[in-house]
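Each ligand, and each atom within it, is numbered from 1 in the order the structure gives. Being a predicted model, the structure only gives us computed values, none of them experimental.
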Amino acid sequence: MKQNILITGGAGFIGSHVVRRFVRKYPEYHIVNVDKLTYAGNLENLKDIEDAKNYTFLRADICNLDDMREVMRKYEITGVIHLAAESHVDRSIRDPFVFAQTNVMGTLSMLQAAREYWESLPEGFDGKLFYHISTDEVYGALELTKPEGEPPYGDEFFVETRAYQPHSPYSASKASSDHFVRSYHDTYGMPTLVTNCSNNYGPFQFPEKLIPLFINNIRQGKELPVYGKGENVRDWLYVEDHAGAIDLIFHKGRPGDTYNIGGFNEWKNIDLIKVIIKTVDRLLGNPEGKSLSLIKYVTDRKGHDLRYAIDSTKLHDELGWEPSLQFEEGIERTVRWYLDNEEWMNRVTSGDYQKYYEEFYS
Ligand code: NAD
Ligand code: TYD
C-alpha cells in the first residue's frame, strides 16, 4: 500500500537514522520529516538523502496544532512515527517547562491533528497508525541487587506490564505523553503503538549525552565528568538496531500494543567509560591508558536513576526481532565515526550549545 509517513524529530539523533532507513528502503513511500531544528536537530545528519524524490523536509513546531493539521491534510498522511522531543535528562532538571511543552503538549497536538484528519476520511482509521517512540526511563529505576561480577546487575527487568514510575522531569514528560497516546486508542479507537527503548548510541548523537561527549572530550584532552561513583547502570543499544525495530514494529506490530526494545546489554557507567577510553586511545595511537587520568568524579545528577534494564522478550517472541550488532563492534564503529567526523562535532558543539555546556560545568 502507498504510504505517506510523517516522521517527527527526523533531524535528531534517532530520527535521522529512521528517516534514512525509510527513505532508502521504501522508495514507494513518501517520507515527510517535520522538525523544529532545536539545538539537537541538524539537517547535516540527513545530507545523503536530502535530494531523494520520496523525501520532504518541513521546519515546523509539533506544538503548533494548526501547522500539524495542515501537514496531515496536505501530505495525506497515513502513518505517523513520532520522535520529536526534548531528550536530555540534565536539561530537564534545569528547565522542566520546555519538556512539558514539547513532550506532552507537542505529542497531544500530533495526536489531535492525526485524529481529526483520519476521522474526516471515508475509511476513517483503517490502514492508519500513530506510532509513538518512548523510553525505558518511564518505568523508573531498578535496584542494583547484584553489583559485583558479570551483568545482569539485578534480578528485575523492565517488562511491558510494569507500572510507570518516572523520576526525572524528562521521564515524567515522556510518561505523560505515553498515557495520552494510549488514551487516544482507548477513547477514540485510534490505532496507536508505543515502544519503550533503552539508551541508544551511535553516529549523529548530540555530544551532550555520555558516549559522544566523552569521545569528544578525550579527543580534546578535556576532563570526563563522571556523575557520583560511576556505578549507575544503563542498557545500551546501537541506534540502527533501534531503527530496525521501529521499521518492523511499524509494519507488523499490533495496534494498541506496547513493545520494549533492548539488547540485554547492561553496563556500569565507569566500565563503559573505560571501554571508550581504551578504544579512543587505541584509534588515536595514544599509549594504552593515557586518557584514564581525564576521569573526574563530580557531584551526582539529582535523582539519578540507579539501573535501567529492558526485557525485550516479547518483541523477540512475537515479531522475531533481535539486535544485529555485538556491543564491541558497535562501540568501535561509533568511536571511529566521531573521530572521522571531527568537523560535524566542531560545528554542532559551537554556538548555543557551547554556552550551555560552559554554564553547566562552571
Ligand atoms: P534528539 O534530542 O537527538 O532529537 C530530537 C529532535 O526533535 C531534534 O531534531 C529536535 O530538533 C526535534 N524537536 C524538538 N522539539 C521539537 C518541536 N517542538 N517540534 C519539532 N521538532 C522538535 O533525541 P533522540 O535521542 O533522537 O530521541 C528521539 C526520541 O527517542 C525521543 O522521543 C526520545 O524520548 C526517544 N528515545 C531516545 C533514546 C536515546 O537513548 N536517545 C532512548 C529511547 C527513546
Ligand atoms: P545520558 O547519556 O545523559 O543518558 P540517560 O541519562 O538518559 O541515561 O547518561 C548516561 C549515563 O551517564 C547516566 O547514568 C548519567 C551518566 N553521565 C555521566 O556520568 N557524566 C556525564 O557527563 C553524562 C552526560 C552522563
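- Distances below 4.0 Å separate heavy atoms of Asp61 from the following atoms of ligand 1: 17 (C), 18 (N), 19 (N).
- The shortest N or O to N or O distance between Thr38 and ligand 1 is below 3.5 Å.
- Heavy-atom contacts from other residues, nucleotides or ligands closer than 6.0 Å to NZ of Lys209 number more than 12.
- Salt bridge Lys74/Glu70: absent, no basic N to carboxylate O contact under 4.0 Å.
- Set against the non-hydrogen atoms of Lys36, the atoms of ligand 1 under 4.0 Å away are 16 (C), 17 (C), 18 (N), 19 (N), 20 (C), 21 (N), 22 (C).
- For atom 43 (C) of ligand 1, the closest non-hydrogen atom of the protein is Cys197 O, 3.4 Å.
- With respect to Lys274 and Asp271, no salt bridge is recorded, no charged nitrogen being found less than 4.0 Å from a carboxylate O.
- A salt bridge links Asp257 and Lys314; the closest N-O separation between the charged side-chain nitrogens and carboxylate oxygens is under 4.0 Å.
- Proximity of Tyr170 to ligand 1, defined as any heavy-atom pair under 4.0 Å, is confined to the side chain (atoms from C-beta onward).
- With respect to atom 40 (O) of ligand 1, the closest heavy atom belonging to the protein is Asn200 N, 2.8 Å.
- In summary, the side chains of Asn232 and Tyr153 do not present any donor paired with an acceptor at a separation below 3.5 Å, with no hydrogens or angles considered.
- Salt-bridge annotation for Asp61 and Lys36: present, with a side-chain N of the basic residue lying under 4.0 Å from a carboxylate O of the acidic one.
- Salt bridge present: Glu123 and Lys128 bring a charged side-chain N and a carboxylate O closer than 4.0 Å.
- Looking at Val89 against ligand 2, only its side chain comes within 4.0 Å, counting heavy atoms.
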Residues Tyr201, Phe327; criterion ring-ring contact (aromatic ring centres under 6.0 Å, His included); working and verdict: CA-CA 10 Å; Tyr201 70 99; Phe327 189 62; 5.2 Å; yes

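- Counting non-hydrogen atoms of other residues, nucleotides and ligands closer than 6.0 Å to NZ of Lys302 gives a total of 12 or fewer.
- By heavy-atom distance, the residue among Ser87, Ala85, Ser198 lying nearest atom 1 (P) of ligand 1 is Ser87.
- Atom 11 (O) of ligand 1 has its closest protein heavy atom at Asp35 OD1, 2.6 Å.
- Of the listed residues (Thr135, Leu37, Thr195, Ile14), the one carrying the non-hydrogen atom nearest atom 37 (C) of ligand 1 is Ile14.
- For ligand 1, one of its N or O atoms has an N or O atom of Lys174 under 3.5 Å away.
- The nearest heavy-atom contact from the protein to atom 28 (C) of ligand 1 is Leu83 O, 3.5 Å.
- Only the side chain of Thr102 comes within contact range of ligand 1, with a heavy atom under 4.0 Å; no backbone atom does.
- At a heavy-atom cutoff of 4.0 Å, ligand 2 is contacted by no atom of Val298, backbone or side chain.
- Around atom 3 (O) of ligand 2, the closest heavy atom drawn from Lys209, Glu208, Arg301 belongs to Arg301.
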Worked check of side-chain hydrogen bond (donor to acceptor under 3.5 Å, both in side chains) between His82 and Thr107: CA-CA 8 Å; His82 176 45; Thr107 299; 2.9 Å; yes

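- The Leu213 neighbourhood of ligand 2 comprises atoms 22 (O), with distances under 4.0 Å to a heavy atom of that residue.
- For ligand 1, the atoms closer than 4.0 angstrom to any heavy atom of Asn199 are 40 (O).
- Those atoms of ligand 1 that come under 4.0 Å of a heavy atom in Gly9, given as number and element, are 6 (C), 7 (O).
- Nearest to atom 4 (O) of ligand 1 by heavy-atom distance, out of Gly12, Ser171, Ala11, Gly10, is Gly12.
- Residue Phe214 places a heavy atom less than 4.0 Å from ligand 2.
- For Glu240 and Arg21, the salt-bridge test fails: no basic side-chain N is under 4.0 Å from an acidic carboxylate O.
- The shortest N or O to N or O distance between Tyr227 and ligand 2 is under 3.5 Å.
- Against a heavy-atom cut-off of under 4.0 Å, Gly41 is close to the following atoms of ligand 1: 8 (C), 9 (O), 11 (O).
- In terms of protein heavy atoms, atom 44 (C) of ligand 1 is closest to Ser134 O, 3.2 Å.
- Against a heavy-atom cut-off of under 4.0 Å, Asn269 is close to the following atoms of ligand 2: 11 (C), 12 (O), 13 (C), 14 (O), 16 (C).
- In this structure, a donor-acceptor pair under 3.5 Å is absent between the side chains of Ser198 and Asp136.
- Close approach to His304 involves these atoms of ligand 2, each under 4.0 Å from a residue heavy atom: 13 (C), 14 (O), 15 (C).
- In the model, His30 has no side-chain atom that pairs as donor or acceptor with a side-chain atom of Asn54 under 3.5 Å.
- A salt bridge links Arg91 with Glu208: the closest approach of a Lys/Arg side-chain nitrogen to an acidic carboxylate oxygen falls below 4.0 angstrom.
- The pair Asp247-Lys25 meets the salt-bridge criterion, with a side-chain N (NZ, NE, NH1 or NH2) lying under 4.0 Å from an Asp/Glu carboxylate O.
- At the top of the distance list for atom 19 (N) of ligand 1, counting protein heavy atoms only, stands Ile62 N, 3.0 Å.
- Using a 4.0 Å cut-off between a side-chain N of Lys or Arg and a carboxylate O of Asp or Glu, Arg282 and Glu332 qualify as a salt bridge.
- For Ala60, the heavy-atom gap to ligand 1 drops under 4.0 angstrom.
- Between Tyr308 and ligand 2, no N or O atom pair is found at a separation short of 3.5 Å.
- Every atom of ligand 1 with a heavy atom of Ala84 under 4.0 Å away is listed here by number and element: 7 (O), 21 (N), 22 (C).
- In terms of heavy-atom proximity, Gly140 sits nearest to Tyr308 at O-CE2, 3.4 Å.
- Considering both main-chain and side-chain atoms, Val226 never comes within under 3.5 Å of ligand 2 through any nitrogen or oxygen pair.
- Contact annotation for Asn103 and ligand 1: no heavy atom of the residue comes within less than 4.0 Å of the ligand.
- Ion pairing between a basic and an acidic side chain is recognised when a charged N comes within 4.0 Å of a carboxylate O; Glu44 and Lys47 show no such pairing.
- Near Ile133, meaning under 4.0 Å from any of its heavy atoms, are these atoms of ligand 1: 30 (O), 32 (O).
- Taking atom 25 (O) of ligand 1 as the reference point, the nearest protein heavy-atom neighbour is Phe13 CD2, 3.7 Å.
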